[in-house]
Amino acid sequence: MGFHLPLIFALLSLAAVALANHAAQPAPQIYWNSILPNTQMPRAISELLHPDSTNEKKSTNIMNAVGNGKPTDHKGKPENIPLALIFYNREYDHPTDNQLHYKNVAIFFLEKDMRPGATMNFQFPRNSNTDTFLPRKSAQSIPFSSNKLSEIFNHFSVKPTSVEAKTIKQTIEECEAPGIKGEEKYCATSLESMIDFSTSKLRTRNVQAISTEVLEKGATMSMHKYTTMPGLKKLAGDKVVVCHKQNYPYAVFYCHVIKSTAAYVLSLKGDDGVKVKAVAICHLDTSEWNPKHLAFQILKVKPGKIPICHFLPTDHIVWVPNHKSA
């Protein structure tokens with residue numbers, strides 16, 4: 001018996017360490033590991049899972065996002081790719097008007113232009129809205145409805161006439177608005193609910209979740225010329241779920257499924273040497289878009305079957321079936 005005691009103690013120690021590590025993980029990460037054990041977590045999600053910041057305190061960091069929403073200068077067009085430099089809004093995925101929304105920067109370009117050696121000027125800004133996920137139970141305990149705005153403002157100690165209150169109201173109204181034709185939409189107020197929506201729409205738990213990532217830490221986020229490197233990868237599946245980070249006191253994502261959409265991953269290299277793993281969404285049918293949309297004006301095309309693409313900002317996520325499940 002004495003011979004086996006060291007082994008028993010070693011196993012008990014390992015078990016204790018495993019339990020301690022499990023307990024140290026935030027609830028959303030535990031749910032991810034249980035539902036998606038074979039799916040790598042993208043940076044756009046992992047950076048919102050800080051266990052030392054639960055956002056349960058009644059404060060808001062919305063101004064970080066609102067205050068950084070001003071447009072940046074764009075000096076010159078790409079040398080060999082016509083593009084449209086505008087500001088990212090979920091309406092990009094099915095725009096119906098010609099308004100520019102000063103949020104995250106994005107570029108429209110043609111699908112055929114995603115070729116090795118092609119260059120374009122672009123800026124991949126750091127995520128400014130880094131409010132973290134709440135566990136699902138906590139998120140469900142807080143109202144998320146335009147009928148409960150007073151209660152929401154009070155919970156986060158926000159004055160009804162403030163910029164923060166306006167942003168909260170706008171986010172909730174966008175979430176409650178009817179979906180555009182052909183769109184299946186859902187606002188996920190927790191990581192658990194985002195996982196459930198995405199896997200239910202893709203009809204599989206064998207998925208990939210991918211976000212645009214600047215691969216060098218401390219890289220300059222100013223405008224640079226990027227060259228497309230070899231290795232363009234089209235992601236599997238005829239259905240794509242895209243989740244867009246919203247401005248809110250805690251992490252909320254506007255997730256939706258749009259027909260006739262393809263997703264790609266590109267390797268880009270900036271003129272400063274910085275490498276980027278960029279996610280591009282291509283809309284294969286733009287016949288429902290406003291004919292006066294800026295993308296058509298810049299790219300010299302008309303609404304129809306010519307695929308129009310754009311990069312996803314670094315705080316957005318694309319969900320697709322894993323190629324092994326196709």
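Numbers here simply count residues along the sequence, with the first being 1. Keep in mind it's a predicted model, so treat the numbers as computed, not measured.
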- Task: Report the C-alpha separation of Glu111 and Lys234 in whole Å, then their side-chain angles, then the decisive distance to 0.1 Å, and conclude whether the salt bridge (Lys or Arg N to Asp or Glu O under 4.0 Å) test is met.
- Result: CA-CA 11 Å; Glu111 186 179 40; Lys234 184 175 182 179; 5.4 Å; no

- Query: Do the non-hydrogen side-chain atoms of Pro307 and Leu284 ever get within less than 4.5 Å of each other?
  - Reply: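 Yes, side chains in contact.
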
- Task: Look at the side-chain heavy atoms of Ile, Leu, Val, Met, Phe, Trp and Tyr, link any pair under 4.5 Å apart, and say whether Tyr226 and Met229 land in one connected group.
- Result: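 Different clusters.
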
- Step by step, would you call Lys245 with Leu48 a side-chain contact (heavy atoms from CB on, under 4.5 Å)? CA-CA 11 Å; Lys245 183 73 157 55; Leu48 302 179; 3.6 Å; yes

Aromatic plane relationship, [Y] with [X] - under 30° parallel, 30 to 60° tilted, over 60° perpendicular:
X: His316; Y: His244; result: perpendicular
X: Phe311; Y: Phe122; result: tilted
X: Phe144; Y: Tyr248; result: perpendicular

- Message: Using ring centroids (six-membered ring only for Trp), state whether Phe253 and Trp319 fall under 6.0 Å.
- Response: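 That pair fails the under 6.0 Å test.
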
- Are Phe153 and His155 close enough that their ring centres sit under 6.0 Å apart?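 No.
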
- Qualifying residue, where the test is side-chain contact (heavy atoms from CB on, under 4.5 Å) with Leu191 and the options are Leu134, Leu49, Thr132: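 Among the candidates, only Leu49 passes.
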
- Item | Residues which pass side chain to side chain contact (heavy atoms under 4.5 Å, CB included) with Phe197, listed by chain and number, not counting sequence neighbours |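 Phe197 satisfies side chain to side chain contact (heavy atoms under 4.5 Å, CB included) with Tyr186, Lys201, Val241, Cys255, Val257 only.
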
- Can you list the residues that meet the side chain to side chain contact (heavy atoms under 4.5 Å, CB included) rule with Leu232, with sequence neighbours excluded?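 Leu232: side chain to side chain contact (heavy atoms under 4.5 Å, CB included) contacts with Met114, Tyr264, Leu266.
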
Would you tell me whether [X] and [Y] have side-chain atoms, one donor and one acceptor, within less than 3.5 Å of each other?
X: Asp285; Y: Ser287; value: yes
X: Ser141; Y: Ser138; value: no
X: Asp196; Y: Tyr31; value: yes
X: Ser146; Y: Glu176; value: yes

- Item | Closest contact, heavy atoms only, Ala139 versus Tyr250 |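 The pair with the smallest heavy-atom distance is O-OH, 4.2 Å.
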
- Please confirm whether the backbone N or O of Ala165 pairs with a side-chain atom of Ser162, one donor and one acceptor, at under 3.5 Å?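 Indeed, once roles are kept as given, a pair shorter than 3.5 Å links the two residues.
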
- Item | Backbone N/O of Ala177 and side chain of Lys185: donor-acceptor pair under 3.5 Å |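 Flag set: sc Lys185 to bb Ala177 pair under 3.5 Å.
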
